[in-house]
Amino acid sequence: MVTVRFAPSPTGNLHIGGARTALFNYLFAKNQKGKLLLRIEDTDKERSKKVYEDNIFASLKWLGLEWDELYRQSERMETYKEYAKKLETSGHTYRCYCTKEELDQKRKLYEKLKKPYKYDGTCRKLSPEEAQDKEKKGSPFVVRFKMPSSGQTVINDLVRGKISFENSELDDIIISRTDGIPTYNFCVVVDDALMQVTHILRGEDHISNTPRQIQLYAALGFKLPEFAHIPLILASDKSRLSKRAGAAAVTEYQEEGYLPEALINFLSLLGCSYSASEEIFPLSEIINRFSLKNVNKSAAIFDFTKLDYLNGYYIRQKSETEIAGLVKPFLLKAGITPGEQTLLKVVKLEKERLKKLADIVDSKYFFTEVTEYDPAGMEKHFKDPLKIELFKKFREEIAGIDFKTAELETFTRSFAEKNGKKLGELVHPVRLALTGKLISPGLFEVMEVLGKDTCLKRFDKILQVI
RNA sequence: GUCCCCAUAGACUAAGGGUUAGGUCACCACCCUUUCAAGGUGGUCGUAGGGGUUCGAAUCCCCUUGGGGACGCCA
């Protein structure tokens, strides 16, 4: 059975790039009728935080990416120690007494000499006497893995083909820290092997770790899994996606009013395609069509415009009741408590205009007084005394009719005609009076939703402020 | 700097030796229209550059250039 895993470290909220990796793992697992493991890689005690772990869970669930089994590396220390011991007895590791400071100095020196840094193997070359001496003194040490110094290590990557590395380029990685806690490269190997992970789908940024891990597999006598390195997601300036380049954490997308289905569809399109002519698919169809063969090699740029388009599309697909429920928290957050009936009516008018759920707040004039008017609009429609007179006349006459969309439109059209004006010459100032804005949904619908009382009050109010 | 990866329009991608280089977003125009959306129709824009291989190259090979990643007692 196919087993894949998503292995985030809880050192930050779930990043959009991480979400994409999780998604591809999920898609592959579902497509192959396999299972998806979620493994929290929290061996860095300093930086791992419970809140981040919770955020990762919440974000994955929000996206609808369910996992089958959950593991925490912090709960598996005994296992790692056991395998570290095995490596030690088989002579694949050695103790390194170099301090962080010494290593830092070496790094700086190499940099100065413009030579590529690689651990020089000082402690690998220690004589038994020297080692014993260090041991007697109780010097702190890390455990390093003896990389082969010749030959090549080849990755058979499912999306990229063969990638080869000279073993001489690989340095003796640390597999266990001074405090005895094992490091990433060692834990992943042990875990992936023991958890019988068959396919490792992860970001391209892990390619350079892979040959080291392959050597570890070999030394431990583990069967090698398949590797598939998926392209990274870049910001619009081709830099790595970060807070500066736009929202980075899934939570932030949620807070801005993106729909999980839109985000999923969008993410699924970065680095992959499912059809030569279509791009919008429900998750079930994406699962159906997913194949590593269709995964691209090149990095993809995250395009908010397209995400917004997809989000608008998915919003439009929903029922008005659903949208009302989704949009309500955004209004509440803005300090607006909408009435159910009004909200539903507003949603009906706004649903085609929303890109993000949070955009609903732009239409707060349905719920609160208008306090600001578009200055350009005021200049254009409420400067000319003739226009103001016409507006006043309109206000008086419309007060006598029923505030239903059809009646309002009929009345306004004939009023315009009678006064020798184009419809727009009435619509625009009226809109400004009612919404404070130059843009809104269809004016007569807006008027009906607001109701006669409110409309008349707003007409009077704008006449006072001009 | 060293190693590794990548390269089709502004963006995401299709075409895996023979297509007028296809689709989607964005953009432009027109239609609809009270504005904005949505929708409809049409359009502009692309194989990074240079060498090969081949009857034929976006597609295979090499070089250059550009971009990205890795170089931690982080993952």
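Numbered from 1 within each chain, the chains take letters A, B, ... in sequence-line order. For the numbers below, each heavy atom of this structure counts, side chains included, while hydrogens, waters and symmetry mates do not.
For the C1' atoms, the distance from B:G39 to B:A75 is 48 Å, rounded to whole Å.
Atoms CD (A:Glu409) and P (B:U33) sit 11 Å apart, rounded to a whole Å. Between the C1' atom of B:C32 and the CD atom of A:Glu352 lies a distance of 13 Å, rounded to the nearest Å. What separates CG of A:Leu232 from P of B:C12 is a distance of 13 Å, to the nearest Å. Distance CZ (A:Arg353) to P (B:G39): 12 Å, rounded to an integer number of Å. A:Ile439 places its CD1 atom 12 Å from the P atom of B:A38, with the value rounded to the nearest Å. In this structure, the CG atom of A:Leu267 is 15 Å from the C1' atom of B:U13, given to the nearest Å. Atom NZ in A:Lys49 sits about 14 Å away from atom P in B:A75, given to the nearest Å.
In this structure, A:Glu407 and A:Met447 have side chains that are not in contact, with every pair of non-hydrogen atoms separated by 4.5 Å or more.
Note on ring orientation: taking the six-membered ring where Trp is involved, the planes of A:His206 and A:Tyr184 are tilted (angle from 30° to 60°).
Between A:Cys98 and A:Leu354, the residue whose closest nucleotide on RNA chain B is further toward the 5' end is A:Leu354.
No N or O donor and acceptor, one from the side chain of A:Lys422 and one from the base of B:U34, sit under 3.5 Å apart. The base of B:G23 lies outside donor-acceptor range of the side chain of A:Glu278, with no N or O pair under 3.5 Å. Applying the 3.5 Å distance criterion, the base of B:A75 shares a donor-acceptor pair with the side chain of A:Asn209.
One finds a side-chain N or O of A:Thr43 lying less than 4.0 angstrom from the OP1 or OP2 phosphate oxygen of B:A75. Between A:Thr305 and B:A11 there is no side-chain N or O to OP1 or OP2 distance below 4.0 Å. Between A:Asn296 and B:A14 there is a side-chain N or O to OP1 or OP2 distance below 4.0 Å. Residue A:Arg107 places at least one side-chain N or O under 4.0 Å from the OP1 or OP2 atom of B:G72.
With respect to the salt-bridge test (charged N to carboxylate O, under 4.0 angstrom), the residues A:Arg107 and A:Asp104 qualify.
The partner of B:A11 is B:U24, judged by Watson-Crick or G-U wobble contacts that both fall below 3.5 Å.
Side-chain atoms of A:Thr178 lie closest to B:C73 of the nucleotides B:C73, B:U35, B:U34.
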